[in-house]
Amino acid sequence: MIVKDIMAPFELYQPAQLKDAFSLLDSFGKDAWKMAGGYDSLDWFKDRIVRPQAVIDLTGIAEMKGIKETPDGVEIGALTTLSEIENNPIIKAKYRLLADAVSHVASPQIRNHGTIGGNASQNARCLYFRYGLPCYRAGGNTCFADTPEGINREHALFGADRCVAVTSSDGAPALTALDAKFVLQSSSGQRVIGAEEFFVGPNVDILHLTAAKPEEILTTIRLPSAWAGKNFYFEKVADRNVWDFPLVNVAAAISVQNGAIRESRIVVGGVSAVPHRLTQVEGIIQGKALEEGTATLAGQSSTRDARPLNYNGFKIPLMASLVTRAVRNATA
Amino acid sequence: MSSHAGSVQAGQIQRHKLVDRLYHWVMAVCILTLLATSLLPIIGWKFAWLAIHWVTGLVLTVAVLFHIVRALFFQKPMSMVVDGQDLQNLGSGGRPGKYNLAQKLYHLAIAVLILSGIASGLVMLRKIDTPWWRRDPYWFSDSSWGVIYSAHDFVAMSLVTMIIIHVYFALRPDEWHLTRSMFRGWITPKEYKDHFDPKRWNAEEEA
Amino acid sequence: MELFRYATSVYGDKVIIGASFDLLQWFVGAGVAAVLAHAIFKWIVPSH
Amino acid sequence: MSDADSNKTEPGQPSLRTTRRSFIKGVIVSGVAVSAVGYVVYERTARRPAAGAVERLITLNVNGRDRRVDVAPHETLAYTIRNKLGLTGTKVSCDRAECGACTVMLDGVTSYSCSTLTQSVRNRKIVTIEGIAGPTGGLHKVQQAMIDELGPQCGFCTSGQVVSAVALLNRNPKPTQDEARRGMSGNLCKCGAYDHYLKAVMRASQEA
């Protein structure tokens with residue numbers, strides 16, 4: 001229920017080092033809430049849907065900030081703000097796809113404080129879930145969106161399993177297209193997983209959109225050099241150009257050799273709980289000449305397995321158009 | 001105990017026919033699969049469990065239906081029912097029939113649990129998309145669904161307790177003749193003489 | 001510790017949505033306890 | 001003398017009545033006093049915060065001045081600057097980072113103060129609409145340009161619009177129309193005076 005007053009009280013912790021954050025997470029367990037930029041977190045608190053005992057403000061951890069080049073690509077601290085990424089010369093030169101994508105997030109003020117880690121890890125925007133209803137994603141046993149009366153124009157075309165919510169991140173499809181690796185750290189060590197493992201669908205975990213465990217912190221995102229400087233395309237379609245989450249967005253990274261597509265990664269957001277990678281389409285266009293026919297073929301074949309709900313059928317032609325444009329217009 | 005028809009050979013007294021043993025093991029695999037697919041994700045091992053879970057549930061349902069029909073009409077259903085003699089034997093220490101009191105009570109408890117698990121599970125199938133129908137969460141009110149889910153959850157957790165107890169008894173040396181018979185189907189004449197009351201379990205007639 | 005999981009329904013009522021899975025450890029414990037009790041009983045009182 | 005007459009104030013004469021604004025500020029000042037008393041009385045008996053937990057009495061750098069203020073852990077910056085520091089020029093409208101009325105600058109970049117915890121900006125330089133002025137202390141050129149272009153209608157979004165525009169021009173003194181539109185895109189105007197604000201930004205950028 002929406003209560004418009006100040007938030008319920010919580011204890012705030014501002015660790016300056018990762019190890020302090022881990023010990024806080026270990027001692028508070030389920031009662032802790034990890035907060036980065038805070039724009040999403042504070043909405044949960046204000047609506048009193050999430051009432052953590054302890055909020056751990058990660059923004060003081062210097063080791064999780066900044067962009068640096070490494071021998072095999074670029075490392076982006078999870079606390080790096082979207083504005084910094086958008087304006088970073090290395091990202092703009094080598095991974096323009098990500099700079100493009102994050103420049104479409106929300107509004108300037110939000111980009112100034114929203115972090116790439118928070119953007120990639122943000123929870124579903126399904127209005128029933130955000131309203132605090134006891135749906136599957138909230139630990140309940142029903143879905144309010146996938147019903148005859150449910151308003152589901154923003155919901156999933158692919159991979160729905162009881163829950164039909166989608167990922168609303170603009171950064172996530174771009175990171176997936178760039179084959180980013182996610183570094184998750186906890187007091188017991190670290191693991192590095194690919195985007196396909198980091199983002200999880202409701203069939204695997206109906207309560208979370210990412211594989212990060214409660215005691216883990218997403219500290220770093222690594223972009224491999226394999227996709228640096230390839231042909232990129234990002235486009236987002238939303239109801240408004242500012243603030244709104246994507247209805248559908250597309251991020252494509254295409255490696256071209258002698259006018260033919262050598263390899264590609266095309267990822268669509270807003271159509272599934274995870275960034276929806278078009279593995280089949282990538283296979284179909286591999287080796288084909290980069291021309292109009294290939295682009296049309298990619299678009300047409302992209303929506304083959306779509307299962308629309310009552311009100312989101314419009315996403316099918318929208319997605320097909322975006323994929324066509326991505327293949328047609330991807331440039332270095 | 002001389003030769004009889006079927007697979008029973010000299011020196012072997014048939015206890016469980018192949019079809020009954022198969023049923024037991026099919027049920028065991030189904031229940032372990034159902035428990036693994038439901039409880040492992042809860043304790044933190046996440047995987048795509050739902051499809052395996054409901055398909056296994058349907059397999060178990062068919063197996064249980066088969067067992068009910070077979071036990072009621074083609075076997076001796078009374079051999080699994082607690083009778084007065086069982087209670088008298090509690091004091092006197094007399095030998096049981098084909099199944100002892102503990103087995104009868106265990107069977108009763110498992111029957112109640114699995115039948116409620118299947119009943120609640122079949123209703124819950126209405127909440128998911130299957131090849132045969134689209135989900136309809138409005139079949140019952142929120143709280144009715146909650147009660148059904150609670151029943152299903154309690155059955156699942158109770159089955160864990162029951163399986164621990166079952167495995168323990170199967171591993172006890174003084175019950176090995178029973179455990180072996182669930183693999184090979186027969187017991188030795190000596191085991192028959194030592195553990196069972198021939199008046200209450202006429203193995204010759206049954207075979 | 002609660003026996004059930006609850007949620008707030010569309011109409012603002014507290015509705016039951018399932019059993020609490022915190023109970024799982026108690027069910028496992030009950031099984032282990034029953035096994036131990038029987039084993040100790042059989043150890044103290046040998047069968048006739 | 002009718003009621004209507006008694007509410008009239010002669011033009012040009014200073015009003016002796018308490019204005020709505022000064023009344024609200026008085027309430028805020030007394031509120032600060034009361035909460036400070038609570039701080040003195042109760043803080044000694046309160047348990048020491050755990051390691052890493054935040055202190056309540058902090059120093060904020062607002063508009064170039066260091067201000068000591070008692071801030072709860074769950075307090076938003078908009079709440080602190082309006083209700084504790086008395087800087088009511090910053091407005092709160094949606095309280096959900098969706099309108100821009102509460103825009104302030106943190107280390108020169110704009111932020112929605114309604115959705116920022118005060119405790120998380122302790123070490124940053126906060127600039128509110130009150131801290132924006134021209135070189136001689138008068139109106140900032142953006143403010144003058146907004147008056148000239150008839151930007152504000154109801155005026156509720158204006159302080160946010162000014163802060164966004166000043167931050168934009170500090171970073172990019174000669175924006176193109178598209179850059180200006182993009183820079184101002186995080187501020188809603190319910191009256192729909194977007195073109196006026198945009199023209200004002202362009203006018204201010206040409207004056208520099």
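Chain letters run A, B, ... following the sequence lines, proteins first and then strands; every chain starts at 1. It should be emphasised that the depicted structure is a prediction, and the values quoted were computed from it without experimental measurement.
Heavy atoms closer than 4.5 Å to chain A are found in both the backbone and the side chain of D:Leu188. No part of A:Asp20 comes within reach of chain D, as not one of its non-hydrogen atoms sits under 4.5 angstrom from that chain. For A:Ser83, no part lies under 4.5 angstrom from a heavy atom of chain D. Of the two parts of D:Ala97, the backbone and the side chain both hold a non-hydrogen atom closer than 4.5 Å to a non-hydrogen atom of chain A. Within the 4.5 angstrom heavy-atom criterion, atoms from both the backbone and the side chain of D:Asn187 approach chain A. The part of D:Cys99 that comes within reach of chain A is its backbone (N, CA, C, O), which places non-hydrogen atoms under 4.5 angstrom from that chain.
Between the side chain of A:Trp243 and the backbone N or O of D:Ser185 there is no donor-acceptor pair closer than 3.5 Å.
A donor atom on one side chain and an acceptor atom on the other are found under 3.5 Å apart for A:Asn112 and D:Thr110.
Of all heavy-atom pairs between D:Ser120 and A:Gln14, the closest is CA-NE2, 3.4 Å. Of all heavy-atom pairs spanning A:Met7 and D:Thr76, the tightest one is CE-CG2, 3.5 Å. For the residue pair D:Tyr112 and A:Ser107, the shortest heavy atom distance occurs at OH-OG, 2.6 Å.
Interatomic distance, NE2 of A:His113 versus OG1 of D:Thr116, reported as 6.0 Å (0.5 Å rounding).
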- request: Go through the steps to decide whether D:His74 and A:Leu12 satisfy the test side-chain contact (heavy atoms from CB on, under 4.5 Å), and finish with yes or no.
  value: CA-CA 7 Å; D:His74 60 287; A:Leu12 181 68; over 6 Å; no

message: Test side-chain contact (heavy atoms from CB on, under 4.5 Å) on A:Met35 and D:Leu117; report intermediate values, then the result.
response: CA-CA 11 Å; A:Met35 187 174 89; D:Leu117 288 185; 3.5 Å; yes

side-chain contact (heavy atoms from CB on, under 4.5 Å) between D:Cys114 and A:Tyr39, intermediate numbers included: CA-CA 9 Å; D:Cys114 73; A:Tyr39 282 126; over 6 Å; no

task: Step by step, work out the side-chain contact (heavy atoms from CB on, under 4.5 Å) result for A:Gln109 and D:Thr103.
output: CA-CA 8 Å; A:Gln109 283 93 325; D:Thr103 302; 3.0 Å; yes

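Side-chain contact between D:Arg182 and A:Asn241 is absent, with no heavy atoms from C-beta onward closer than 4.5 Å.
Within 6.0 Å of atom CZ in D:Arg65, 12 or fewer heavy atoms from other residues, nucleotides or ligands are found, so the atom counts as exposed in its surroundings. The number of heavy atoms from other shown groups lying within 6.0 Å of NZ (A:Lys65) is above 12. For D:Tyr79, the OH atom counts as loosely surrounded, since its 6.0 Å shell holds 12 or fewer non-hydrogen atoms of other residues, nucleotides or ligands. Within a 6.0 Å radius of NZ in A:Lys34, other residues, nucleotides and ligands contribute more than 12 heavy atoms.
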